[in-house]
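So you know, we letter chains A, B, ... as the sequences are listed, proteins then strands, and number each from 1.
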There are 2 protein chains.
Amino acid sequence: MVSYSKIKKILKAHKLRVTDGRVDILGYFLSQNRTLSFKDLEDKFDESDRVTLYRTLNAFTENGVLHKIPDDSGFATYGLCHDTCSSDDHVHDHMHFKCDECGIIECLEQNIPSVKVPGYQIKEATLVLKGICKNCVA
Amino acid sequence: MVSYSKIKKILKAHKLRVTDGRVDILGYFLSQNRTLSFKDLEDKFDESDRVTLYRTLNAFTENGVLHKIPDDSGFATYGLCHDTCSSDDHVHDHMHFKCDECGIIECLEQNIPSVKVPGYQIKEATLVLKGICKNCVA
DNA sequence: ATTATATACGCAATTGAGTTGCAAAAATGT
DNA sequence: ACATTTTTGCAACTCAATTGCGTATATAAT
């Protein structure tokens, strides 16, 4: 279980007001330690308002608590940022993996290989792998 | 200008019926030789129905005429496939670039560097670069 | 501690991309 | 030319996400 004081500290560090809803959601991310889709969160916190959930996720994303994982399937999925992320400095170089079987999206340890394109100024790269994850292969 | 007979040949080769709308849209892709967003096409062909446009793009995508470019911004963008694509064999290994200034998405020549993740079975990879394109840098 | 101010919440309504159903129109095969 | 299959166009619908606004709550100031 993640302590309330730790969660509170994280929220403050990211210039976010400490509200019950935010504590619950951040606490859930920290305890699960995996990416969570909007649906996951909606199911878990079904007593609270969808709009508030959207706004909370947006606030977390803007302030460097979460990062939104690119996914064309139409279901927003979020992962915890590294400790170093803030609203100012919000950088992610890791790859993501989406499993065709279980549908779960994972943040991979590996960084995106750096790519150069002559004449282009590259600021950011997103690399999403699809296939079958470690759990489903077994 | 792209000849009608050539367009017709391409449609037939991809097992698509030759209709006025399809000829116009494919012809526009061939003449422009760049990726086009749904909005681009809607503006260009504003006399025709949105639904038909969606269905045409879906048919083209399924049959290997176009490929849908992953984009989290919520605007579907499409690019011409290579000649080798068909409804059966529809593979794209190239990277995409989205310019922060002009918003245009380009298909790059370069292929996505192959990545391996221990224990995972990778079937597909998408790599989108963001930054400033050749034209806007100048 | 109390008050003031800024921010977040909850509800209803709205937006906007994309889809579905269905009857009419057009394209292919014979 | 005819029969069959696919496509088109229209209206209505779905579903994720956003916006407006009055109320509630968190932080800052006194």
Next item on the list: Supply the atom-to-atom distance A:D71 CG to A:H96 NE2, rounded to the nearest 0.5 angstrom.
Entry: 10.5 Å
Notebook entry, point to check: If you pin B:K68 and B:K8 to their nearest nucleotides in DNA chain C, which one's is more 5'?
Noted result: B:K68
Next item on the list: Considering just the side-chain nitrogens and oxygens of A:N58, establish if one lies under 4.0 Å of OP1 or OP2 belonging to D:dT18.
Entry: yes
Note to self: What is the distance, to the nearest angstrom, from the CG atom on A:L53 to the P atom on C:dA8?
What the structure shows: 15 Å
Check: A:A59 near the nucleic acid: base, sugar-phosphate alone, or nothing, with a heavy-atom cut-off under 4.0 Å?
Finding: nothing
Note to self: Counting only side-chain heavy atoms from C-beta out, which of D:dT18, C:dG18, D:dA26 sits nearest to A:D20?
What the structure shows: D:dA26
Check: Once you round it to whole Å, what is the distance between P of D:dT18 and CD of A:E62?
Finding: 10 Å
Item checked: Distance in angstrom units between B:D49 CG and C:dA23 C1', rounded -> 14 Å
Next item on the list: Find the distance A:L57:CG to D:dA17:P and express it as a whole number of Å.
Entry: 10 Å
Margin query: I want to check one thing: is the phosphate of C:dA17, taken as OP1 and OP2, less than 4.0 Å away from some side-chain N or O of B:K39?
Written below: yes
Notebook entry, point to check: In whole angstrom, what separates B:L41's CG from C:dA17's C1'?
Noted result: 15 Å
Notebook entry, point to check: With sugar-phosphate meaning primed atoms plus P, OP1 and OP2, does A:K15 contact a base, only sugar-phosphate, or nothing at under 4.0 Å between heavy atoms?
Noted result: nothing
Next item on the list: Could you check how far CG of A:D24 sits from P of C:dA8, rounded to whole Å?
Entry: 16 Å
Note to self: How long is the straight-line distance from OG of A:S37 back to CG of A:L57, given to the nearest 0.5 Å?
What the structure shows: 10.0 Å
Check: If you measure from NZ on B:K44 to CG on B:L36, what distance do you get to the nearest 0.5 Å?
Finding: 10.0 Å
Next item on the list: Can you measure from NE2 (A:H67) to CG (A:L80) and round to the nearest 0.5 angstrom?
Entry: 8.5 Å
Next item on the list: Give the ring-plane orientation class for B:F97 versus A:Y120, where under 30° counts as parallel, over 60° as perpendicular and anything between as tilted.
Entry: perpendicular
Notebook entry, point to check: Quick check: does any side chain N or O of A:R22 sit under 3.5 Å from a backbone N or O of A:L11, one acting as donor and the other as acceptor?
Noted result: no
Item checked: Given C:dA8, C:dA27, C:dA12, the nucleotide with the shortest approach to the side chain of A:R22 -> C:dA8
Notebook entry, point to check: For A:R55 and B:R50, take the nucleotide of DNA chain D holding the closest heavy atom to each; which residue's nucleotide lies nearer the 5' end?
Noted result: B:R50
Note to self: Both A:F38 and A:K12 contact DNA chain D. Which one's nearest nucleotide lies toward the 5' end?
What the structure shows: A:F38
Next item on the list: Round to a whole Å and report the spacing from CG of A:D40 to P of D:dA16.
Entry: 13 Å
Next item on the list: Considering just the side-chain nitrogens and oxygens of A:T19, establish if one lies under 4.0 Å of OP1 or OP2 belonging to C:dT7.
Entry: no
Check: Has B:R17 got a side-chain N or O lying under 4.0 Å from the OP1 or OP2 atom of C:dA26?
Finding: no
Notebook entry, point to check: Nearest of C:dG18, C:dT28, D:dA16 to any side-chain atom of A:F75?
Noted result: D:dA16
Check: So, is A:Y54 near the phosphate of D:dA17, with a side-chain N or O under 4.0 Å from OP1 or OP2?
Finding: yes
Note to self: From OH of A:Y4 over to C1' of D:dA26, roughly how many Å is that when rounded to an integer?
What the structure shows: 10 Å
